[in-house]
Amino acid sequence: MRLRLALATAASLALALSACSSDVADDDGAEPASGASATPEGPWTFTDGSGEVVELAEVPTRIIAHAPAAAALISYGIRPVGIYGDESVDTDPNLDGVDLTGIEILGEEWGSIDVAKASTLDADLIVADWWPAEKAHSGLENSVKAKSKKLAELAPVVGPSQGGSILNLAEGYEDLAESLGADVENSQGAEDKAAFEKARDAFAAAMADKDLTALAVSPTADLLYAANPEFAPELLDFTEWGLQVVTPDAPDPDFPYWENLSWENADKYQPDVLLIDSRSFEEAKKTVAAQPTWTSIRAAEAGQLIEWPAFWLHTYADYADALTKLTADLADVDDTIGD
Amino acid sequence: MLLAGLVPVLAFLSVTQGSRDIALRDVLDAFGHFTQSSSVDDTVTVRLRVPRTILGLLVGAALGLAGTLLQGLTRNALADPGIMGVNAGAAFAVVGSITLLGVSGLAFHVAAAFVGALAATALVYTVGSLGRDGATPVKMALAGAAITAGLTAVTTGLLLTDLAAQQQYRFWQVGSLAGRYAPIVTGVAPFLLVGLVLALLCGRWLNALALGDDAARGLGVSLTRTRVATFLVVGLLCGAATAACGPIVFVGLVVPHVARFLCGPDYRWLLPYALVLGALLLLGADILGRVLGGTGELQVGVVLGILGAPFFVLLVRYARLAEL
């Protein structure tokens, strides 16, 4: 249950990131529905994140997608007929700047999908991330209401797997879009990917000049949660590109996403910079102000706090924006503060 | 006497033990040269553990006393702050202030919870005293249960529509002494201290009530005035305790039974026993949670549930509990 809650809120609480707007442009509605102009001949096969190979006689054209998956597909010109999200489409960072004209909204709260409405859309494919730890697609996990889970009976469900890098998702949706007939080369998605590569190279170049260590945290009134990068793909990516994210040595065995630090032990790790969970960034700043031991972390004392885009990134466009912001935020950070 | 002697022992342990290892010498040192800019060990000792210890003792004493008062007042061995609508009222106020007013932060939660707890207590008493025969024990228990159910339903409804509020609420609703520092302690301590003193003065009334309504009236005790006054004290104690720490179950339920087991049914003895036992139980459970939690901590509400429940079952099974 705790696991479920965290994952659900992971995607749904990243309100503070509205500044990172995606630049997925409005295509003036000129794009034919579902990219149908280029729909290739069937049969169609796709290997789902679960490893299962889904085979259909025709290439699917009427797609229902989870919000982040929809954002990715739309960037390649594949327009779903319906979407369901974990929060309001107005606040979901994944949908920021995405044109939803003509798309049916089937759910705006985690665990709740209007299956009756979905059944009228005549869908032939459902697209959502696959969560290997829970062996389920987003929105269809164990603790979701049985009524909402009936969505899976309408059409086959596919999606790339969550895993060691955000790029698993970004590349997975690119492949999926291509199989559905998208002209990937000449899409917004291709521009996003180029922007992402540029942003990543700039990030890596900036990190190469420094010797930065970071700790990703989520502070609350009674405990300081230190994130375990093993379960936060963007943190593994940052480490790969030169920002050393600390791996806590004693994650909670029941909930290995975090090591729970009592405020007495706030100074256990001494990074150069603290990455603060974007889902509660503003709240966290107030919370830590009341904690006498917060400044026992030297990075906190030095004010080296930046926002960590936590657990929500899916697309090249959002990743490009997030990395550009991180690179800027990290530009003035002193790399001699931590151990 | 022996029990009272344990209080300083636990207080000492509470300041010296915790999830962070600090040598005894450094703990003692901390009090000698403490200033704002001193070491982390000093900060932890003086600014984290001392307020926490004081709060643990006060809240434990308050809950133990409130439970005893309620059980005497309602002549119901299962009465505890939870069934009188206190927790539900506080929870509703906290969630309402997050979702409807948009305020956040522990200090706001404390204020909201206090107001909510007092309002719920007043409401329970008002509803319970409707009708010709006034606030009888059964009617108050029923009013408490009904208002708890109603408030809980609204609280849940509000939470379901607001994930951000759920995040904040789940930390408050466990019941914890962690993260409560000097401002909160000094904020609720006056209410708790006044409540504790008033509660200790209720012994004679409760003895009279224990004989039954007619006998009490015969002894010259005004039933209505006694019930209103006692209920006010309970609201004050539970409201302040719940505000500071979140809903802490079990202390208010079990402490009166242990006290009755130790000293018999005379409330003039029961109340001081309950005060000391409540303080010992809550602080002891908190120390355990801190020591057993590794680099983190187990919330005191969790420890009480895990250790307290089997203990209570054993007590009920093998000891002859005194009748109310």
Side-chain angles (χ1 to χ4, degrees), chain A residues 1-2 5-6 8-13 15-16 86-88 91 108-112 218-226 248-253 255 258-269 277 279-280 282-298 301, chain B residues 17-22 36-52 98 103-110 160-168 170-172 174-184 245-246 289-291 293-302:
Chain A
M1 192 54 222
R2 285 167 76 200
L5 184 64
T9 51
S12 58
L13 288 177
L15 312 180
D86 297 333
E87 63 176 293
S88 160
T91 56
E108 296 188 86
E109 182 191 330
W110 182 82
S112 178
S218 189
T220 67
D222 55 1
L223 289 171
L224 176 65
Y225 292 89
D249 55 28
D252 183 345
F255 194 60
W258 310 93
E259 174 172 350
N260 308 341
L261 294 173
S262 71
W263 282 105
E264 296 194 0
N265 289 312
D267 63 343
K268 179 171 174 184
Y269 303 103
D277 194 330
R279 293 168 294 170
S280 53
E282 294 305 318
E283 181 67 26
K285 283 197 277 193
K286 277 189 267 174
T287 303
V288 299
Q291 295 294 345
T293 53
W294 171 243
T295 50
S296 68
I297 312 170
R298 292 195 293 274
E301 174 77 24
Chain B
Q17 302 298 312
S19 53
R20 180 190 186 87
D21 282 328
I22 304 179
Q36 293 282 335
S37 61
S38 52
S39 74
V40 182
D41 284 353
D42 293 359
T43 308
V44 167
T45 306
V46 179
R47 295 180 63 198
L48 265 57
R49 288 186 187 169
V50 169
R52 183 177 190 154
I98 299 171
V103 298
S104 62
L106 198 57
F108 289 110
H109 295 178
V110 170
L160 282 178
T161 61
D162 193 336
L163 268 170
Q166 258 176 41
Q167 287 286 94
Q168 291 188 48
R170 76 193 168 101
F171 293 111
W172 182 81
V174 179
S176 173
L177 288 170
R180 276 74 173 170
Y181 307 116
I184 286 175
C245 301
R290 280 188 264 163
V291 176
T295 50
E297 281 168 358
L298 287 175
Q299 288 88 346
V300 68
V302 175

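Each chain gets a letter, A, B and so on, in the order its sequence line appears, and its residues count up from 1.
- Heavy-atom pairs under 4.5 Å with chain A were tallied for Ser19(B), Gly179(B), Ala178(B); the largest tally goes to Ser19(B).
- Residue Thr220(A) touches chain B through its side chain alone, counting heavy-atom pairs closer than 4.5 Å.
- When heavy atoms are compared at a cutoff of 4.5 Å, Leu223(A) approaches chain B solely by way of its side chain, counted from C-beta outward.
- Residue Ala289(A) does not touch chain B at all, counting heavy-atom pairs closer than 4.5 Å.
- With a threshold of 4.5 angstrom between heavy atoms, Gln291(A) approaches chain B through its backbone and through its side chain.
- Looking at Asp222(A), its side chain never comes within 3.5 Å of a backbone N or O of Leu177(B) through a donor-acceptor pair.
- Atom OG of residue Ser296(A) and atom CG of residue Asp41(B) lie 10.0 Å apart, to the nearest 0.5 angstrom.
- Proximity to chain A (any heavy atom under 4.5 Å) is restricted, for Ser176(B), to the side chain, taken from C-beta onward.
- Put simply, the side chain of Pro292(A) reaches to within 4.5 Å of the side chain of Leu48(B), judged on heavy atoms.
- Here the closest non-hydrogen pair linking Asn265(A) and Thr295(B) is ND2-O, 3.1 Å.
- A donor-acceptor contact shorter than 3.5 Å links the side chain of Glu264(A) to the backbone of Arg20(B).
- Listed by chain and residue number, Asp286(B), Glu297(B) satisfy the side chain to side chain donor-acceptor pair (under 3.5 Å) test with Arg52(B) (two or more places apart in sequence, or in another chain).
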